[in-house]
Protein chains: 2
Amino acid sequence: MFMAGDRLYVLLERLGNLLRTEERAAGLPHGLQPVHLQALRYLQACNRYSNTPAALTEYLGLTKGTVSQTLLLLEEKGLLRKEADTEDRRVIHLLLTEEGRAVLKEALPPELFKRALTRLPGDGAALEEALSELLSSLQAANDQRSFGVCGTCKHFQREGSGRFRCGLTREPLSREDSELLCREHAALPAGH
Amino acid sequence: MFMAGDRLYVLLERLGNLLRTEERAAGLPHGLQPVHLQALRYLQACNRYSNTPAALTEYLGLTKGTVSQTLLLLEEKGLLRKEADTEDRRVIHLLLTEEGRAVLKEALPPELFKRALTRLPGDGAALEEALSELLSSLQAANDQRSFGVCGTCKHFQREGSGRFRCGLTREPLSREDSELLCREHAALPAGH
DNA sequence: TCGATTTGTTTCGACTCGATACCAAATGCG
DNA sequence: CGCATTTGGTATCGAGTCGAAACAAATCGA
């Protein structure tokens, strides 16, 4: 009666709903919706090439008009500020304020999620691995970018003794840079 | 910098967003939103004790007012019909129409999801298992019902040769019944 | 019997989201 | 160079979700 992927789909759907509900509750005291928290979290984790409205739009999978509204609200609440790019005057960079970081730290991940994790057998590493695979597949199928961490990108170059460089922009990268999400991220060819 | 459960949370969040986006696209030709498809799917999979607005409300984790709206829309579109309960005149049973089943069959799971699954190594059984665990934990933490299939409930009783009974309602159950979701589902004590 | 609880509906307002139109800066091409 | 195209971002509108609260009706319980 059911196809193989069906149960998996239902599971993911329900988990997604649950997280959404928790996120709604977590954001309520700050007057934030789930999408606002997701935006803040992305901005906290992305690198300096990727903290723009356009990149956030791709990450969230929404339209740019919608995201523009979201950003307006977050700016009004003082959780982020906008800064013009020095090279391309169309581009705007989005920077979390201290308040923004504080909200994130308090609200995400929601308390109940953290508690539920402690009941899980094992450390969840295998689960994480499997979900990563699934996400990549889905992103590939949807022509979406992967938004992986810089250091796992095929453009990432090691120059010895903790010095790195991006093969795309040619810019040098610090160790901190190498741990941030990048919109230009391209997965390495298969094989670990 | 990141806690252990953090990456897992991000993964689930992103997968949830992706599924939601696909669901939105899948429902668009029928004028349906993600939540409408989820409601239809639940009604297709649940048993005769659980096809009521109240049960659907618990399943979706929304308020009853919201769900009432959803049901109004689905009824207007001819995807389900309401039927009064014969015993308790407050309760209403929700039954999918043929059109409702047809829409579900065509729209869920979305095409892209199915294609992405084929790229996954293995059959996803392990992933399914792990996600089930996680879902149970989260539901327990949120005081939510599990909505498992009837045959895995602690009230489920085997009476030999394909005959079953629900220890809660005392009613006999067919094999088909035993495979449906039940709002009264209570997990068996741990241990397989 | 009478109040409390449960089931479902209605109404209202805040908010998300996509669509569309629009503007400005950058890019590409003859 | 000059002009069309592309890209980044904003503004406005309408459809729709969602929670909160008030409401009605049936059932349950002391």
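Numbers restart at 1 for each chain; the letters A, B, ... are given by sequence-line order, proteins then strands.
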Checklist entry - So what does B:T52 touch, heavy atoms closer than 4.0 Å: a base, only the sugar-phosphate, or nothing? => result sugar-phosphate
Checklist entry - How long is the line joining CG of A:L32 and P of C:dC15, in whole Å? => result 11 Å
Next on the checklist: Heavy atoms from C-beta onward define the side chain here; which of C:dA25, D:dA26, D:dT17 lies closest to that of B:R89?
Outcome noted: D:dA26
Next on the checklist: Students often get this wrong, so: under 4.0 angstrom with heavy atoms, is A:E87 touching a base, only sugar-phosphate, or nothing?
Outcome noted: sugar-phosphate
Item to check | Over all atoms of both residues, closest heavy-atom pair of B:T57 and B:T63 | outcome: CG2-C, 3.8 Å
Next on the checklist: If I take atom CZ in residue B:R24 and atom P in nucleotide C:dA19, what distance separates them, rounded to the nearest angstrom?
Outcome noted: 10 Å
Checklist entry - What is the distance from CG of B:N51 to C1' of C:dT7, rounded to the nearest Å? => result 14 Å
Checklist entry - Rounded to whole angstrom units, what separation is found between the CG atom of A:L56 and the C1' atom of D:dT7? => result 17 Å
Checklist entry - Atom CG of A:L62 and atom P of D:dT10: how far apart are they, to the nearest Å? => result 15 Å
Checklist entry - Donor-acceptor pair, A:S68 side chain versus A:K64 backbone, under 3.5 Å? => result no
Checklist outcome for this item: Whichever of A:E58 and A:L28 has the more 5' nearest nucleotide on DNA chain D, that residue is A:E58
Checklist entry - So, is the end of the B:R14 side chain (NZ or CZ) under 6.0 Å from the ring centre of A:Y59 and within 45° of the ring's axis? => result yes
Next on the checklist: Rounded to whole Å, how long is the line connecting atom CG of B:D88 with atom P of C:dT6?
Outcome noted: 13 Å
Checklist entry - Can you check the A:I92 CD1 to C:dC23 P distance for me, whole Å? => result 18 Å
Next on the checklist: Return the CG to CG distance between A:L74 and A:L94, rounded to the nearest 0.5 Å.
Outcome noted: 9.0 Å
Checklist entry - Near DNA chain D, under 4.0 Å by heavy atom, which residues of residues 64-85 of chain A? => result A:K64, A:G65, A:S68, A:Q69, A:K82
Checklist entry - How long is the line joining CD of B:E23 and C1' of D:dG16, in whole Å? => result 16 Å
Item to check | Separation between SG of A:C150 and CG of A:L173, rounded to the nearest 0.5 Å | outcome: 4.5 Å
Item to check | Presence of donor-acceptor pair under 3.5 Å, side chain of A:R90 and base of D:dT7 | outcome: yes
Checklist entry - Which atom names give the shortest non-hydrogen contact between A:R170 and A:R165, and what distance separates them? => result O-NH1, 2.5 Å
Next on the checklist: Can you see if the side chain of B:H36 gets near the phosphate of D:dT17 - specifically, an N or O under 4.0 Å from OP1 or OP2?
Outcome noted: yes
Item to check | Any side-chain donor near an acceptor of the partner, A:E179 and A:N47, under 3.5 Å | outcome: no
